[in-house]
Amino acid sequence: MTTGTTALGERPAWKALAAHHQEIAGKHLRQLFADDPTRGQKFTAEFGGIFLDYSKNRITAETVKLLLQLAEESGLKARIEAMFTGEKINITENRAVLHVALRAKEGESILVDGVDQVPLVLAVLDKMAGFADRIRSGDWKGCTGKRIKNVVNIGIGGSDLGPVMAYEALKHYSQRDLTFRFVSNVDGTDFAETVVDLKADETLFLVASKTFTTLETMTNAHSAREWFLAGIGGDEAAVAKHFVAISTNAKEVSKFGIDTANMFEFWDWVGGRYSMDSAIGLSTMVAIGPENFRAMLDGFHQMDQHFRTTPFDKNLPVLIGLLTVWYTDFFNAQTVAVLPYEQYLKRFPAYLQQLTMESNGKHVTLDGKHVDADTGPIYWGEPGTNGQHSFYQLIHQGTRLIPCDFIGFYKTNNPLGRHHDMLMANVFAQAEALAFGKTAEEVKAEGVAEALIPHKVFEGNRPSNVILAEVLTPEVLGKLIALYEHAVFTQGTIWSIDSFDQWGVELGKVLATRILGELESADGKLTHDTSTNALIERYRANK
Ligand code: F6P
């Protein structure tokens, strides 16, 4: 097992980066560009139509060299191989980490405990395709003989964010006479509003939960069952035509009352936040059809191969991952903004939040020690150009350093007059403004009053990546997601943390279960701290 490496601060490249940072921290991007007329071409990389311009980062060739050396010293190559070959690198749960197997091709073989997982994956994909085709064609009939018109995915976290994001991202490719909705929150409003205008006998529920024990999802699934039965006159036998399950837990699925013949399986080696291309993506497949879904998987697979085989200096996920480490640990940046200039990617930042923060929000190394550097930054963002009219002010003129990932496309799925050129002009303009800013002299030359000059200065020197692709297709989406998955892996490897567990979500769940009992019984002695006790009492008195 490839776990322990030298403590981060002891790695030679880390020490060299710390010294190098002293030299570079005072250098402006204006200067770095002036020093090297080829910079805009030099710091770029491309794979499979995904182009990365990372020249507007606060780096020199020396920075890149040292970051690549850090990757080597951190054992990245071996860790990648360990993941791809099914080693149990999720050590705290003793599990393999094999989302890459979800997009493996026929003929490949990936063993876990001596069993080849690829044929299992392909069999589930075929079963999903058969089901998706029947829903799409209207062949699958509801309990009154009508076709299914509405598909409601019930899930949360990875069983929701991926499906929602992919549905929104690929809406252009979706079958428009089907309605797709997503319920996640235990707040009853979410379920109530989702079904308010739906007819039960035309609605199919996909209950998506890896564990099939998640409180929110099970509560919503039970409410869906009650709503459905009330809507069709109580015939329990009808449930089979309107509820399917997506899970690793057949026992809990049948306990809920869903026939396991209507269950789409996946495996414990798929992390929730890495599962949108497993059976958890059933809603996506129903929406866009099996062929498009397979094209998306192909995009993932291409990026997987790129990550596994391309030298690190040309490896997109490695470069992006290392740059994030550079800003997080040496510039003390707290966040990364992901700014897609593509309306269809409006849920992409939310999706990335779970992927990045549940993966790398850790403070303990693989060998149980406190990590000696900052780990996972906060990811956030909104599609452009909307964000420009809200939070970009802070990115341009605030006191914090916020590295940005701009994502744009040469073409749009919805050509409309000058819209797309206007959209893309903003991508390039924002990255340029952030990097180069506007000096006091430039402001003054515009005739601005002396007192206003400081307010109108843009310091610049604010780093960004620009990621470009041709047009948002299922294949490109697969590549983009895999790009970030593997960038997260790269970061987690440098920090020597387990990017695949999520113990940090447990304590709140346990406390909520205990407090729920206390909210539902009017009396009983409360033994929390004085604040929590008082809040519970106030709620009990006013509910
Ligand atoms: O509570 C966090 C979490 O375990 C996520 O990691 C996961 O994606 C989500 O809950 C949903 O879990 P499940 O698919 O088992 O319902």
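Atoms within a ligand are numbered from 1 in the order they appear, just like the ligands themselves.
Looking from atom 15 (O) of ligand 1 to the surrounding protein, the closest heavy atom is T211 OG1, 2.6 Å. Scanning all protein heavy atoms for the shortest distance to atom 2 (C) of ligand 1 gives E358 OE2, 3.4 Å. Nearest protein heavy-atom neighbour of atom 8 (O) of ligand 1: G158 N, 2.8 Å. Of the protein's heavy atoms, K509 NZ, 4.6 Å lies nearest to atom 10 (O) of ligand 1. I156 O, 3.7 Å is the protein heavy atom nearest to atom 9 (C) of ligand 1. Given atom 12 (O) of ligand 1, the protein heavy atom at minimum distance is T214 OG1, 3.5 Å.
Side chain of N315 to backbone of F307: a donor-acceptor contact under 3.5 angstrom is found.
The aromatic ring centres of F228 and F205 sit 6.0 Å or more apart. If you look at Y484 and Y351, their ring centroids are not closer than 6.0 Å. In summary, the aromatic rings of F409 and Y344 are positioned with their centroids too far apart to meet the 6.0 Å limit.
Assignment of E506 to the shell around ligand 1 is not supported, since no heavy atom sits closer than 4.0 Å.
With 3.5 Å as the limit, one finds no donor-acceptor pair spanning the side chains of Q117 and W267. The closest side-chain donor-acceptor pair between S247 and N249, if any, does not fall under 3.5 angstrom.
For G157, no nitrogen or oxygen atom sits less than 3.5 Å from a nitrogen or oxygen atom of ligand 1, counting backbone and side chain alike. For ligand 1, the polar-atom distance check finds no N/O of T217 at less than 3.5 Å from any of the ligand's N/O atoms.
The pair D126-R294 counts as a salt bridge, with a side-chain nitrogen and a carboxylate oxygen less than 4.0 angstrom apart.
The V505 neighbourhood of ligand 1 comprises atoms 1 (O), 2 (C), with distances under 4.0 Å to a heavy atom of that residue. Close contacts of ligand 1 with Q354, meaning ligand atoms under 4.0 Å from a residue heavy atom, involve 5 (C), 6 (O), 7 (C), 8 (O).
Counting heavy atoms only, S159 comes closest to atom 14 (O) of ligand 1 of the residues S159, S359, G162.
Under the side chain to side chain donor-acceptor pair (under 3.5 Å) rule, H301 has a single partner from E475, K479, E108, H306, which is E108.
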